[in-house]
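Below is one structure, written out as C-alpha cells; the observations come after it.
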Amino acid sequence: MTTDPPLYDEQELLERLQLKGYELDGLLNVGIIAPVAGDPSGHPRYCAETVDHLAAPQQRIRLSDALWWDFDLNRPGYVPDGAPWARAVDLPFYPFDDKEQQSWARRYYKLKKACAPFPYPYPERLARYRSRMEDRATKAFELKHGIKPPPKTRGVDVSIRGTQVKISRAKLRDLVWSKTMIRAGADLGITETALRHLCKRYMIPMPTRGHFNHKDPKKRPPKPKLMKILRRNPRDGDDYRFGSVEGVSPYDN
C-alpha cells in the first residue's frame, strides 16, 4: 500500500521556515522555493521533505541571503562594509542553484532596484518564470515519488449560440458515449448532425447506432481511446474552420 508523500500548505511552510508572507513571495520570485502541487481549492502545496531541509540553520541563512543578495558586492547587502562574510552553504553559484536561476535573479534584482520604490516593471515575465519553476519542481517531485500525472488533453473551441465554449476532446468523447447523440447534442445546444460533424472533425470515435438499445450497459462496446491529432500546416489551406467550430490544438491527446 503506497502512501502519498507529505505536503505543507503555505501557512505550514511559513511557520516551519519562520518566514513572513512578503519574504516567501520574494523567494518564489527567484525560484528558491516552488510549489509542487495544489489542494482541491487550487492553493499551492509544498514538498515537506524539501521544506524540512530548508529549515536547517545553514539553509535558513541561505534563504535570508537570497532575499538580500547584492550582485555588485557578490554578498548579501545587509553585511556592513568591511565585515567578514563566509558562505553558509558552499554552492557553485551561491545563493542560487544554477546559472539560469542566477541569471534571472540578476536581471530581476537589477530592475527591481532601479525602479524602487515601484514594483517590478514586467509582471508578465515574472509570472512566466514562476510558472516554469513550478512546473520543474512538480515534475521532479512526481518523478522522485513515482506519481503519474493525469493525461493532458487540449480542448476544442465550440461556438454555441454565439458563445465560445472550450471543451476537451476527452470530455466530448465521454459525453457522446454516455447518452445518445441527440441528447448529447442538446446538452451542447447543437443538432445531432452538427455533433457528428464535430466528432469527425476532431477524430472522436462515436458509438454505433443502437449502442444504447442494450438494456444491460455491460453488454455495450467499451469506450475507445482517443487517437492523437497531428499538427496540420495552415499553408495547406486548412484554416481549422468547420461549421460552428473553430480551432484545434496541434498537441492534442
Side-chain angles (χ1 to χ4, degrees), residues 1-2 4-5 7 35-45 127-128 131-132 134-253:
M1 181 177 179
T2 59
D4 294 333
L7 297 169
V36 298
D39 63 13
S41 302
H43 298 108
R45 306 289 298 277
R128 285 197 299 268
S131 177
R132 187 163 69 249
E134 181 177 341
D135 289 342
R136 289 183 181 179
T138 300
K139 289 179 182 178
F141 179 79
E142 291 173 343
L143 183 63
K144 181 176 181 180
H145 296 280
I147 301 173
K148 292 185 178 181
K152 293 183 179 180
T153 175
R154 300 296 179 95
V156 295
D157 293 328
V158 186
S159 180
I160 300 176
R161 295 170 185 161
T163 304
Q164 285 298 119
V165 178
K166 190 165 187 177
I167 182 171
S168 69
R169 291 178 67 229
K171 288 184 178 180
L172 196 56
R173 177 206 52 189
D174 294 344
L175 178 62
V176 299
W177 282 83
S178 65
K179 56 186 67 177
T180 63
M181 297 295 287
I182 294 177
R183 292 181 178 177
D187 288 351
L188 294 175
I190 56 179
T191 65
E192 176 190 4
T193 303
L195 179 58
R196 289 187 178 277
H197 284 312
L198 177 64
C199 292
K200 290 179 181 178
R201 173 71 169 173
Y202 296 111
M203 302 174 65
I204 297 171
M206 294 176 286
T208 58
R209 294 189 182 276
H211 175 81
F212 294 98
N213 291 341
H214 293 284
K215 293 183 179 180
D216 187 359
K218 295 182 180 179
K219 294 182 179 180
R220 298 172 184 170
K223 179 174 58 180
K225 294 183 178 180
L226 288 173
M227 293 188 296
K228 291 184 178 180
I229 291 182
L230 301 178
R231 180 190 292 274
R232 287 176 289 183
N233 194 340
R235 296 178 181 176
D236 296 337
D238 190 350
D239 61 355
Y240 305 112
R241 295 178 183 271
F242 182 87
S244 61
V245 182
E246 295 185 0
V248 64
S249 168
Y251 306 105
D252 212 328
N253 185 14

Could you go through residues 203-213 and list every donor-acceptor pair under 3.5 Å that involves a side-chain atom there, pairing it with any protein atom two or more places apart or in another chain?
none

message: Is there a side-chain contact between S131 and R128 in this structure, where contact means two heavy atoms from C-beta onward sitting under 4.5 Å apart?
response: no
- prompt: Sequence neighbours excluded, which residues qualify as side chain to side chain contact (heavy atoms under 4.5 Å, CB included) partners of K144?
  reply: E49
field: Separation between OG of S168 and CG of L226, rounded to the nearest 0.5 Å
entry: 8.5 Å
Minimum side-chain heavy-atom gap K139-L143 below 4.5 Å: no
message: Which heavy atom of V176 sits nearest to which heavy atom of C199, and what is that distance?
response: CG1-SG, 4.0 Å
statement: Between P224 and R173 the two heavy atoms that sit nearest each other are O-NH1, 3.2 Å
- prompt: Does the side chain of L175 come within less than 4.5 Å of L195's, by heavy atoms?
  reply: no
query: If you take all heavy atoms of D187 and K179, which pair is closest and at what distance?
result: OD2-NZ, 2.7 Å
message: To the closest 0.5 Å, what do you measure between CD1 (I190) and CE (M181)?
response: 8.5 Å
task: For the pair R45 (side chain) and P35 (backbone), establish whether a donor and an acceptor sit closer than 3.5 Å, ignoring hydrogens and angles.
output: no
- prompt: Would you say the side chain of I147 lies within less than 4.5 Å of the side chain of F141, judging by non-hydrogen atoms?
  reply: yes
task: Locate the shortest heavy-atom distance separating L7 from A37; write the atom from each residue and the value.
output: CD1-CB, 4.1 Å
query: What's the verdict on side chain to side chain contact (heavy atoms under 4.5 Å, CB included) for I182 and T191, showing C-alpha distance, side-chain angles and the deciding distance?
result: CA-CA 7 Å; I182 294 177; T191 65; over 6 Å; no
Counterpart residues, side chain to side chain donor-acceptor pair (under 3.5 Å), relative to R196 (two or more places apart): E192
